[in-house]
Asker: 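Structure below; questions to follow.
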Amino acid sequence: STASATFRAISMDFEQARFNMVEQQIRPWEVLDPIVLDLLFTVRREEFVPAAHRALAFADLEIPLGDGEAMWAPKLEARVLQELQLRPGESVLEIGTGSGYFSALLASLAGRVTSVEIRERLALEAVARLARSGFDNVEVVTGDGARGWGKATYDAIVLTGSTPVLHDAFLGQLNPGGRVFAIVGDAPAMTARMHRWTAPGSRTVVSLFETVVKPLANAPAPVRFEF
């Protein structure tokens with residue numbers, strides 16, 4: 001039937017677009033970890049993109065989610081996932097659920113993910129998408145995580161919005177050997193950084209790359225000195 005032929009054509013277009021995304025956007029950004037690259041083929045990004053923007057699911061841009069929020073560009077998602085080096089069984093805290101797609105990528109590699117989303121509509125939509133895609137190891141909660149979340153500790157923490165300064169609470173929520181990924185600074189100069197727990201009370205910070213991402217709602221501002 002024409003309907004099934006059309007469906008097949010659309011599916012093939014998505015597969016071609018997915019392949020092009022990996023080859024043209026993601027590999028050139030030094031994302032070469034085969035585990036991460038394989039995941040981009042198995043977790044279907046188009047299932048997490050708002051219906052109105054589905055044709056853009058694999059484009060090299062941020063996709064709007066409404067309420068001023070957006071999905072990261074695919075190469076940023078892949079690069080951060082590679083930098084985190086998640087292992088099976090690890091616990092992850094994600095601040096800013098957005099569409100739920102990055103939560104799904106995290107959950108594919110780690111043991112369990114707690115994801116905090118300040119906008120209730122986005123949280124509910126992400127829960128539905130994650131359930132449809134079979135992810136039962138992600139807990140999405142509605143709340144403000146810009147200054148840490150709850151009392152639990154985690155192996156990895158990811159802030160999907162930028163923050164002028166990284167709140168100390170996150171470093172206190174790391175397990176031994178844990179790491180925090182955050183994009184720190186103010187536009188137009190923001191730096192993606194990985195903070196790693198090295199010993200009680202001490203950490204290393206590595207600057208990874210420059211980028212610009214919308215700040216988290218209620219992100220802490222640096223103390224301005226007044227003279």
Side-chain angles (χ1 to χ4, degrees), residues 29-31 33 35-36 39 69 71-73 75-98 100-118 126 137-141 143-187 189-223:
W29 230 46
E30 303 302 314
V31 180
D33 181 337
I35 295 171
V36 171
L39 207 51
E69 303 299 338
M71 289 174 79
W72 275 355
K75 66 187 179 200
L76 182 56
E77 295 163 341
R79 178 73 181 273
V80 175
L81 201 61
Q82 175 173 274
E83 297 286 355
L84 283 166
Q85 298 174 329
L86 295 170
R87 292 181 291 277
E90 286 193 316
S91 57
V92 182
L93 174 64
E94 178 187 35
I95 306 298
T97 314
Y101 175 67
F102 196 66
S103 323
L105 294 177
L106 295 169
S108 299
L109 297 180
R112 60 182 182 81
V113 176
T114 302
S115 188
V116 184
E117 173 52 61
I118 199 166
N137 58 333
V138 183
E139 182 194 6
V140 178
V141 287
D144 178 1
R147 292 168 167 74
W149 183 257
K151 295 282 170 264
T153 56
Y154 299 88
D155 299 307
I157 299 174
V158 183
L159 281 61
T160 65
S162 62
T163 184
V165 289
L166 181 65
H167 199 283
D168 284 341
F170 292 112
L171 302 162
Q173 290 199 254
L174 285 182
N175 291 331
R179 54 266 185 225
V180 180
F181 173 86
I183 295 168
V184 181
D186 294 296
M190 297 182 183
T191 306
R193 292 189 183 142
M194 192 73 77
H195 298 248
R196 287 182 186 278
W197 188 103
T198 46
S202 87
R203 66 181 194 266
T204 57
V205 185
V206 178
S207 294
L208 302 170
F209 52 86
E210 304 283 310
T211 188
V212 175
V213 166
K214 184 178 183 284
L216 289 169
N218 305 328
V223 177

Asker: Has the side chain of Arg112 got a donor or acceptor atom that lies under 3.5 Å from a matching backbone atom of Glu139?
Answerer: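 No, Arg112 side chain to Glu139 backbone: no donor-acceptor pair under 3.5 Å.
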
Asker: Keeping the roles fixed (side chain from Glu94, backbone from Val113), state whether a donor-acceptor pair exists under 3.5 Å.
Answerer: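 It does not hold such a pair.
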
Asker: What is the distance from atom CG of Asn175 to atom OH of Tyr154, rounded to the nearest 0.5 Å?
Answerer: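 If we round to the nearest 0.5 Å, Asn175:CG and Tyr154:OH are 9.5 Å apart.
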
Asker: What closest approach, in Å, do Val31 and Gln82 show between heavy atoms, and which atom pair accounts for it?
Answerer: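 In terms of heavy atoms, the two residues are closest at CA-OE1, 3.3 Å.
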
Asker: Would you say the side-chain atoms of Arg179 pair up with the backbone N or O of Asp155, donor to acceptor, closer than 3.5 Å?
Answerer: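 Present.
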
Asker: Answer yes or no: are there more than 12 heavy-atom neighbours, outside Ile35 itself, under 6.0 Å from its atom CD1?
Answerer: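 At most 12 heavy atoms, drawn from other residues, nucleotides or ligands, come within 6.0 Å of this atom.
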
Asker: Whether the side chain of Glu77 engages the backbone of Phe102 through a donor-acceptor N/O pair (distance < 3.5 Å, no angle test) should be reported.
Answerer: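 No.
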
Asker: With no hydrogens and no angle check, is any side-chain donor or acceptor of Asn137 less than 3.5 Å from a backbone partner on Ala107?
Answerer: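 Present.
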
Asker: Regarding Thr191 and Glu210, do their side chains bring together a donor and an acceptor under 3.5 Å, going by distance alone?
Answerer: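 Per modelled atom types, Thr191 and Glu210 side chains form a pair under 3.5 Å.
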
Asker: Just wondering, do Leu84 and Met194 contact through their side chains at under 4.5 Å, heavy atoms?
Answerer: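 Yes, at least one pair of side-chain atoms sits under 4.5 Å.
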
Asker: Measure across Thr153 and Gly172 and return the closest heavy-atom pair with its distance rounded to 0.1 Å.
Answerer: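 So the minimum-distance heavy-atom pair works out to CG2-O, 4.1 Å.
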
Asker: So, taking the atom named CG in Leu171 and the one named CZ in Arg203, what distance separates them when rounded to the nearest 0.5 Å?
Answerer: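 So the CG of Leu171 and the CZ of Arg203 are separated by 4.5 Å.
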
Asker: In Å and rounded to the nearest 0.5 Å, what is the CG to CG distance from Leu109 to Leu81?
Answerer: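 One finds 5.0 Å between CG of Leu109 and CG of Leu81.
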
Asker: If you look at every heavy atom in Ala182 and Leu159, which pair is closest and at what distance?
Answerer: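 Answer, listing the atom of Ala182 first, then Leu159: CB-CD2, 4.2 Å.
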
Asker: About how many Å separate CD1 of Ile95 and CZ of Phe181, when rounded to the nearest 0.5 Å?
Answerer: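 Taking CZ in Phe181 and CD1 in Ile95, the distance rounds to 13.5 Å.
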
Asker: First locate atom CG of Leu166, then atom NE2 of His195, and finally report the distance between them rounded to the nearest 0.5 Å.
Answerer: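 Output value for this atom pair is 4.5 Å.
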
Asker: Considering only NZ, NE, NH1 and NH2 on the basic side and carboxylate oxygens on the acidic side, decide whether Glu69 and Lys214 come within less than 4.0 Å.
Answerer: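 Answer for the salt bridge query: yes.
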
Asker: If you compare all heavy atoms of Ala217 against all heavy atoms of Asp144, which two are closest, and at what distance to 0.1 Å?
Answerer: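 So the minimum-distance heavy-atom pair works out to O-OD1, 3.9 Å.
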
Asker: Under a 3.5 Å distance rule, please check whether Ser162 uses its side chain to pair with a backbone N or O of Val213 as donor and acceptor.
Answerer: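 Looks like yes, one N/O pair under 3.5 Å.
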
Asker: Determine whether Val116 and Ile118 make a side-chain contact, defined as any pair of heavy atoms from C-beta on separated by less than 4.5 Å.
Answerer: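 Side chain of Val116 against side chain of Ile118, heavy atoms only: no contact under 4.5 Å found.
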
Asker: For Pro220 and Pro164, which heavy atoms make the closest approach, and how far apart are they?
Answerer: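 In this case the closest contact between Pro220 and Pro164 is O-CD, 3.4 Å.
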
Asker: If you take all heavy atoms of Thr163 and Ala219, which pair is closest and at what distance?
Answerer: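 Taking Thr163 first and Ala219 second, the nearest heavy atoms are OG1-CB, 3.8 Å.
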
Asker: Which value, rounded to the nearest 0.5 Å, describes the distance between Asp33 atom CG and Glu83 atom CD?
Answerer: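 Interatomic distance, Asp33 CG to Glu83 CD, rounded to 0.5 Å: 10.5 Å.
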
